[in-house]
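These notes are about the structure you will find just below.
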Amino acid sequence: MAAPILRLGCAGRRCALAGVKGASRHRRGAPNGFALNEMRVQSSMAPRPVITAQKPRKGEHEWAPVVGLEIHAQISSNSKLFSGSQVHFAAPPNSLVSFFDASLPGTLPVLNRRCVEAAVMTGLALNCRINKKSLFDRKHYFYADLPAGYQITQQRLPIAVSGILTYGVCEGNKRNQIITKTVRIKQIQLEQDSGKSLHDHPQSQTLVDLNRAGVGLLEVVMEPDMTCGEEAATAVRELQLILQALGTSQANMAEGQLRVDANISVHHPGEPFGVRTEVKNLNSARFLAKAIDYEIQRQIYELENGGEILNETRSFDSKLGCTVPMRDKEGKQDYRFMPEPNLPPLVLYDADSLPAGADSQQVVDIDYIRERLPELPSVTRDKLVQQYGMLPEHSFTLLNEVGLLAFFQSVIKETRAEPKLVTNWVLNTFLGYLKQQNLTVSESPVTPSALAELLTLLDGKVISSSAAKQVFEELWTGKGKTAAHIVSEKQLGLMQDQEALEQFCQAVMEQHPQVVTDVKNGNLRAVNKLIGLVRKATLSRADPTAIRKILEKQLSL
């Protein structure tokens, strides 16, 4: 690596919020003069019936969709890729901008070691080959939030290449079959982010916030190995989990820390790939899946009806559920790539090539990072299946919902209930309430300790399943009561007096002689009716299993 270079400028230096008077209010890349009514005409295709790949027109071959992804992940680092400016979401505009970020003359880039280590760690987790020598390049294009007029990236020789990502897709009628699929990773490269243009100013101005300018990004380029929106969304979610497990990126899509561009085309099997379109800046897995599936069907519809697909960039309108054009890509944009003259080649080492007496603060050791890789999501899922005997699809759900695995493990530690019972309650009852209320795990009014206490009561046959649901509902209201307090207050505990329960059973049989006759005539289903009547008489405080045993004994079944 290069010798240390002094940073010029102050990391905390504030720059004024720049205003561009009379600037277009269209988002970045939106075509000028693209009227709202024209956009609606384009978007009106969303509800129209289209010819899908599963139902080709008679006499024609079916269509084969092809999907490739480019994913930009913001690196978890205290400072930016080439400057000492801090990285902090939602900071006041232009409060985290150094002289280099603003591209003042005479400033030079200084490579952030943490970002390099994050790239190496991510590459190793994705089974990539780490290049011991990689290069930085300048990618030239003009936009107001790119003050230098170019982006520092890795075009010729990136830091990692030739990897693979394995992910599982749920299939089957009940979505309970996990099909393992893979997508090839073409490369992972380091690059700096641009700033942010704010178009919604009340005075019809475009303002520029450079807080994000220079933030370190990992660009993960996937080969076109996927065929639908669900596969792409699942692959992105798996990558998100890996990045979070590694700590290389928080990968919060809502905060723009993970942004996806999807390249989509369709063709007849056995023929060359079709013309592709690119859907830019998708910021949720759900929107990613919808955008890809819509775009596939739109392209098939166009081709089936004599149209043609334009090589263009599109965006996804989440309200209308369709993609809309931004700009065409017919003429290849000349980015005028050139070697970055202010950064020497990035040199990495392994155990065999590490120079004797090398300063560990000045070099990055690939093998050192490899030995310290944390547990990856796939390993965690396997452990959950083996340790708790849960179904594979349950392990996927626990990891896919943010914070749910930690919640589950906390409940397991604090309850005497069997893991199967805990799994059922966490994935069905608890998660069901969260989705119904549109809450995250961290926003749940029921704590792991409260649920653990409830499941201990249920497992110990202190309360019935129906009573447990009543208690959970009371816990959800957030009144501060414990499960034991609710059981005592509402008298939900199971009857422990065997003699009293036998008397209830006898009374019910005497009050419903016809049902008893039906049972004795061979209609064993009528026993369930008797059980229900006894439970009603005991205000649901009797154990159905205990009731059945008493009834079978009294009826000599």
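Taking both residues in full, the closest heavy atoms of Pro269 and Ala64 are given as CG-CB, 4.2 Å, listed atom of the first, atom of the second, then distance. Pairing each heavy atom of Val116 with each of Leu111, the nearest pair is CG2-CD2, 3.6 Å. For the residue pair Phe430 and Val446, the shortest heavy atom distance occurs at CE1-O, 4.0 Å. Of all heavy-atom pairs between Asp367 and Ala351, the closest is OD2-N, 2.8 Å. Minimum heavy-atom separation, Ala262 to Leu288: CB-CD1, 4.2 Å. Taking both residues in full, the closest heavy atoms of Phe287 and Ser284 are given as N-OG, 3.0 Å, listed atom of the first, atom of the second, then distance.
Atom-to-atom distance recorded for Leu391:CG and Thr397:OG1 is 10.0 Å, nearest 0.5 angstrom. Expressed to the nearest 0.5 Å, how far CG of Leu126 lies from CD of Glu238 amounts to 9.5 Å. Between the OG1 atom of Thr206 and the NE2 atom of His199 there is a distance of 5.5 Å, given to the nearest 0.5 Å. Here CG of Asp261 is found 14.5 Å from CZ of Arg314. Values are rounded to the nearest 0.5 Å. One finds the CG atom of Asn211 at 4.5 Å from the OG atom of Ser95 (value rounded to the nearest 0.5 Å). Of the inter-residue distances, the one linking Asn78 atom CG with Ser85 atom OG reads 12.5 Å to the nearest 0.5 angstrom.
Under 3.5 Å, the side chains of Ser449 and Glu414 contain a donor-acceptor pair of N or O atoms. Between the side chains of Gln74 and Ser249, no donor-acceptor pair of N or O atoms lies under 3.5 Å. Side-chain contact, Thr153 with Gln189: a donor N or O sits under 3.5 Å from an acceptor N or O. If you check the side chains of Ser79 and Gln86, you find no donor sitting under 3.5 Å from an acceptor. Side chains of Thr440 and Ser442: a donor-acceptor N/O pair is present below 3.5 angstrom, by distance only. Side-chain contact, Ser134 with Asn131: no donor N or O sits under 3.5 Å from an acceptor N or O. Under 3.5 Å, the side chains of Glu312 and Thr277 contain no donor-acceptor pair of N or O atoms. Side-chain atoms of Glu191 and His72 include a donor-acceptor pair closer than 3.5 Å. Residues Asp225 and Thr182 bring no donor and acceptor atom of their side chains to less than 3.5 Å of each other.
When atom types are taken as modelled, the side chain of Arg372 and the backbone of Ile369 share no donor-acceptor pair closer than 3.5 angstrom. Between the Asp350 side chain and the Ile366 main chain, no donor and acceptor come within less than 3.5 Å of each other. Between the side chain of Gln192 and the backbone N or O of Ile152 there is at least one donor-acceptor pair closer than 3.5 Å. For Thr415 (side chain) and Ile412 (main-chain N/O), no donor-acceptor pair under 3.5 Å exists by modelled atom type. Distance alone, capped at 3.5 Å, is enough to place a donor-acceptor pair between the Asp101 side chain and the Ser98 backbone. At distances below 3.5 Å, not a single donor-acceptor pair connects side-chain atoms of Gln155 with backbone N or O atoms of Asp137. Without hydrogens or angle criteria, Glu278 side chain to Ile264 main chain gives no donor-acceptor distance under 3.5 Å. Using modelled atom types, one side-chain atom of Asp293 and one backbone atom of Gly229 make a donor-acceptor pair closer than 3.5 Å. Checking side-chain atoms of Thr107 against main-chain N and O of Ser103 turns up no donor-acceptor pair under 3.5 Å. Asn94 places a side-chain N or O within donor-acceptor distance of the main-chain N or O of Leu210, the cut-off being under 3.5 Å.
The shortest side-chain heavy-atom distance between Pro374 and Leu246 falls under the 4.5 Å cut-off. Inter-residue side-chain proximity for Ile188 and Pro158 is flagged as unmet; no heavy-atom pair is nearer than 4.5 Å. Side chains of Val279 and Ile292 form no contact here, defined as non-hydrogen atoms less than 4.5 Å apart. The side-chain heavy atoms of Arg259 and Lys280, taken from C-beta on, include no pair separated by under 4.5 Å. Met121 is listed as a side-chain neighbour of Leu373, based on a closest heavy-atom distance under 4.5 Å.
When each of Leu348, Leu346, Ile159, Ile130 is tested with Val364 by the rule side-chain contact (heavy atoms from CB on, under 4.5 Å), just one qualifies, namely Leu348. Each of Thr423, Thr447, Val422 was scored for a side-chain contact (heavy atoms from CB on, under 4.5 Å) with Val411, with one residue passing: Val422.
Taking the six-membered ring for Trp and the full ring otherwise, the centers of Phe316 and Tyr294 sit at least 6.0 Å from each other.
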Using salt bridge (Lys or Arg N to Asp or Glu O under 4.0 Å), reason through Arg138 and Glu340 one step at a time and then give a plain yes or no.
CA-CA 5 Å; Arg138 288 185 179 181; Glu340 169 53 58; 2.8 Å; yes
Is there a side-chain hydrogen bond (donor to acceptor under 3.5 Å, both in side chains) between Ser265 and Gln299 once you walk through the steps?
CA-CA 7 Å; Ser265 68; Gln299 291 187 19; 5.6 Å; no
Does Met390 form a side-chain contact (heavy atoms from CB on, under 4.5 Å) with Leu398? I'd like the steps, not just the answer.
CA-CA 11 Å; Met390 67 176 63; Leu398 283 176; 3.6 Å; yes
Could you please spell out the steps behind the salt bridge (Lys or Arg N to Asp or Glu O under 4.0 Å) verdict for Asp145 and Lys196?
CA-CA 6 Å; Asp145 59 21; Lys196 184 178 181 181; over 6 Å; no
Under the side-chain hydrogen bond (donor to acceptor under 3.5 Å, both in side chains) criterion, do Ser76 and Gln250 qualify, and how do the steps go?
CA-CA 6 Å; Ser76 292; Gln250 294 179 19; 4.5 Å; no
I'd like to know whether Lys186 forms a side-chain contact (heavy atoms from CB on, under 4.5 Å) with Val161, so could you lay out the CA-CA distance, the side-chain angles of the two residues, the decisive distance to 0.1 Å, and finally the verdict.
CA-CA 6 Å; Lys186 180 181 179 182; Val161 295; over 6 Å; no
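Remark: Tyr335 pairs with Lys139, Tyr141, Gln333, Phe337 by the side-chain contact (heavy atoms from CB on, under 4.5 Å) rule, at least two apart or across chains. For Glu231, the salt bridge (charged side-chain N to carboxylate O under 4.0 Å, His left out) partners are Lys181, not counting sequence neighbours. With sequence neighbours left out, the side-chain contact (heavy atoms from CB on, under 4.5 Å) criterion links Phe396 to Ile178, Arg381, Asn400. Taking the side-chain contact (heavy atoms from CB on, under 4.5 Å) definition, one finds that Pro355 meets it with Tyr349, Ala358, sequence neighbours left out.
The list of side chain to side chain donor-acceptor pair (under 3.5 Å) pairs with a residue in residues 116-129, not counting sequence neighbours, reads Arg113-Glu117, Thr122-Thr248. Screening residues 112-137 for ring-ring contact (aromatic ring centres under 6.0 Å, His included) gives Phe82-Phe136 as the qualifying pairs, with residues at least two apart or on separate chains.
Salt-bridge formation is detected for the pair Glu401/Lys435: a Lys NZ or Arg NE/NH1/NH2 atom is positioned less than 4.0 Å from an Asp or Glu carboxylate oxygen.
Counting heavy atoms of neighbouring residues, nucleotides and ligands inside a 6.0 Å radius, atom OH of Tyr388 exceeds 12 of them.
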